[in-house]
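I have placed the structure first, in the form of structure tokens, so that the comments after it can refer back to it.
Atoms within each ligand, like the ligands themselves, are counted from 1 in listed order. This structure is a prediction, so every number in the text was calculated from the model and none was measured.
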Amino acid sequence: MTSVDYHVHSSFSPDARDDMRKMVEKAVSLNLEEIMFTDHFEFLSDGRPGRFCSSVDYIPRIVDEVIRLRDEYAGRIYVGLGLEIGQMQFAEKESKEIVNSYPFDFILASYHKVHDVDLSCYDYLKTDIQSLVHDYLEGLLLISERADFDSLAHIDLVKRYAHRQGIEIRIEKEEKIVRRILRLLVERGKFLEVNTSSLRQNFEECLPSDEILSWYAEEGGNFVTLGSDSHRTDDIASGMQEAEKHIAAFGLNILRKYRRNTEVV
Ligand SMILES: [Zn+2]
């Protein structure tokens, strides 16, 4: 049984509903050894924070609550302090400042908003898919080249939203750039995330697909981080057993006990 969930959103994230304590309780009941909170922090293309994090005490409040719960639940579960930062490529300096100002265990990098529009908000029937995918991958490439993070979240996220509108997108068609991104992760000592949210939405594969997982292994990848991307308690650790099969099929391992600020135990 998988014992870690490295991608969980609590009610600090505007798009999630359950408080951290409730989520930790659920994780304990599932016998998880670690739960990593990765609430959202979004940048826009002009380098300013998006509305998700407009209040100055947004991050300090997350930090306080995680550390309080970590102490309280010590010996039962490790409550990890993470953050999912969107669009780091537009705010390199600001991202670094955030990452270095708090005792984060884990930073997820994402690209949610292409041209400042969330991928969940596109009308895919009216969108030039080829150019959207191109711009999306160029952004991921910049993030992978330069940003300070630990794991690249849901690399083929764009397909999850298009699928809801009956449009199938496969970033695998752009093999060259996808492989470049994967190679950069390996070269820079960063990881690829395996995200199980797609399994809750009628996909048979995780994000990323098996094909991309195989490329990651071929490019020298060894470890992946595993996350449910839950935005509510009921989804914590969902799909993990299924994901483990996809990961093991390519000889990959799941990262555990990762702490960017201390030695790995
Ligand atoms: Zn995300």
Closer than 2.8 Å to the Zn ion (ligand 1), do we get an N, O or S atom from [X], backbone or side chain?
X: His40; answer: no
X: His154; answer: yes
X: Asp229; answer: no

Quick check: are there more than 12 heavy atoms from other residues, nucleotides or ligands sitting under 6.0 Å from CZ of Arg260?
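Atom CZ in Arg260 is crowded, with more than 12 foreign heavy atoms closer than 6.0 Å.
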Taking atom CZ as the centre, does Arg48 end up with more than 12 heavy-atom neighbours from other residues, nucleotides or ligands that are less than 6.0 angstrom away?
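Result for CZ/Arg48: open.
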Starting from the Zn ion (ligand 1), look over the N/O/S atoms of Glu84 and name the nearest one.
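When I compare the N, O and S atoms of Glu84, OE2 is nearest to the Zn ion (ligand 1).
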Report, one line per pair, each donor and acceptor closer than 3.5 Å where one atom sits in a side chain of residues 132-143; sequence neighbours left out.
{"unit_1": "Asp135", "atom_1": "OD2", "unit_2": "His115", "atom_2": "NE2", "d": "2.8"}
{"unit_1": "Tyr136", "atom_1": "OH", "unit_2": "His154", "atom_2": "O", "d": "3.4"}
{"unit_1": "Tyr136", "atom_1": "OH", "unit_2": "Ile155", "atom_2": "O", "d": "2.7"}

Looking just at side-chain N and O atoms, do Glu34 and Tyr6 make a donor-acceptor pair shorter than 3.5 Å?
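Note: Glu34 and Tyr6 side chains meet the donor-acceptor criterion.
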